[in-house]
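In what follows, a structure is listed as structure tokens, so that the remarks can point back to it.
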Amino acid sequence: MVLSNKKIGVAVAGLGFVGGGTHVPAFKKIPGAKLVAVIDVEEEKARKVSMKRNVNYYLDYKEALKNSEIDAVVVAVPTPFHYELVSEAIASGKHVLCEMPLTPTVVESEKLGEKAKKAGVLLMPDLNFRFTPNYVKAKELIKQSAIGKPLAVTFSEFIPAKDLAVQWPSNSWAWNIEKSGGYPDFTLSVWSIDLVQWLLESDIEDTQWISNYSPLSGIDNFIGYNTIGLIRFSSGAVGVLHYCAYGCSWRRG
Ligand SMILES: NC(=O)c1ccc[n+]([C@@H]2O[C@H](COP(=O)([O-])OP(=O)(O)OC[C@H]3O[C@@H](n4cnc5c(N)ncnc54)[C@H](O)[C@@H]3O)[C@@H](O)[C@H]2O)c1
């Protein structure tokens, strides 16, 4: 694929926690890209961001895709809508950076990959841990054999329940297993599952998961979780992944 020196015109679809809070401001710092438009089904949100960034806004995603200034779309809407929005962008010849999880099922993700390949556009899953400076440094050190050949990895992620409840209240898509594929531990595990495979340059070939879900009193309908995955890589290395959302000031119900 030949890319010209022209700035890539970008639209961000979904202006919530990650689209509005992270992707939109990030484009100010990317010299090769220009934010052209923002899209959200909530007009108030779309108007506010468009005024702040001095770009057009759309409420209708399909209408936005007709804009020839848009070369690429960042899909940052809730996961259950990724498949549809990414498919439409690909069909319109736009490149896509899609939030993770790409889709709730592997089959759908593979289909999106095939569609992008056939259309000759880039579909990039937003695996942002690969660009996080401390992980980039870890990868560099592993490559330099600073710690020899890694044989085991542990990853632990704790999110205070009160913060998660603000990001994804109990009525959010993220708590609806049918829409998101799992509880927030499912959604939030995808970056680190990719991270450890990227760091060790080996695929995970076997996993076992156990979870403890307990309602927390003090936050409406919030289900605290402790989820642990035991993993084995094809290299023979092993690992433990731990995802936890609880809070010091919240009692278990
Ligand atoms: N990369 C990361 O670190 C990271 C962090 C959090 C969430 N995420 C992922 O980002 C995605 C969005 O999560 P979020 O927490 O920002 O959700 P959110 O609920 O905060 O925001 C989603 C936004 O999309 C809008 N929207 C819904 N349907 C739309 C449509 N058809 N067209 C346009 N806009 C639409 C909503 O109005 C809302 O403003 C999810 O896939 C999530 O897993 C990634």
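Note that ligands are numbered from 1 as they come in the structure, with each ligand's atoms numbered from 1 the same way.
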Which one of [options] has a non-hydrogen atom at the shortest distance from [atom]?
| atom | options | answer |
| --- | --- | --- |
| atom 38 (C) of ligand 1 | Glu99, Glu42, Lys45 | Lys45 |
| atom 11 (C) of ligand 1 | Leu102, Thr79, Val77, Ile39 | Val77 |
| atom 16 (O) of ligand 1 | Val190, Asp126, Val18, Thr187 | Val18 |
| atom 3 (O) of ligand 1 | Val75, Asn128, Thr22 | Asn128 |
| atom 43 (O) of ligand 1 | Glu43, Glu84, Glu44, Met100 | Met100 |

In terms of atom number and element, which parts of ligand 1 are under 4.0 angstrom from non-hydrogen atoms of [X]?
| X | value |
| --- | --- |
| Gln167 | 6 (C) |
| Gly16 | 16 (O), 20 (O), 21 (O), 23 (C), 39 (O) |
| His82 | 41 (O) |
| Pro78 | 22 (C), 24 (O), 27 (C) |

Give a yes/no verdict on whether any heavy atom in Gly20 is under 4.0 Å from an atom of ligand 1. no
Charged N to carboxylate O below 4.0 Å: is that the case for [X] and [Y]?
| X | Y | answer |
| --- | --- | --- |
| Glu108 | Lys111 | no |
| Lys94 | Glu88 | no |
| Glu114 | Lys117 | no |

Can you tell me which portion of Tyr61 lies within the under-4.0 Å heavy-atom range of ligand 1? Options are side chain, backbone, both, or neither. neither
Could you tell me whether Ala76 approaches ligand 1 through its side chain, its backbone, both or neither, with non-hydrogen atoms closer than 4.0 Å? backbone
Quick check: Tyr213 with Tyr183 (ring centres under 6.0 Å apart)? yes
Check the surroundings of atom OH in Tyr58: do more than 12 heavy atoms from other residues, nucleotides or ligands lie under 6.0 Å from it?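 Above 12, so yes.
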For the pair [X] (side chain) and [Y] (backbone), establish whether a donor and an acceptor sit closer than 3.5 Å, ignoring hydrogens and angles.
| X | Y | result |
| --- | --- | --- |
| His82 | Thr103 | no |
| Gln197 | Ile204 | yes |
| Asp185 | Thr227 | no |

Do Asn226 and His242 come close enough that some side-chain heavy atom pair is under 4.5 Å?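 Yes, at least one pair of side-chain atoms sits under 4.5 Å.
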Once the angle between the rings of Trp168 and Trp173 is folded into 0 to 90°, is it parallel (under 30°), tilted (30 to 60°) or perpendicular (over 60°)?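 Rings of Trp168 and Trp173: perpendicular, as their planes differ by over 60°.
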Taking both backbone and side-chain atoms of Phe81, is any N or O found less than 3.5 Å from an N or O belonging to ligand 1?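 No, there is no polar N/O contact under 3.5 Å.
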Looking at ligand 1, does any of its N/O atoms fall within less than 3.5 Å of an N/O of Trp168? yes
Can you tell me which residue and heavy atom of the protein come closest to atom 2 (C) of ligand 1, and the distance to 0.1 Å?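 Answer for atom 2 (C) of ligand 1: Trp191 CZ2, 3.4 Å.
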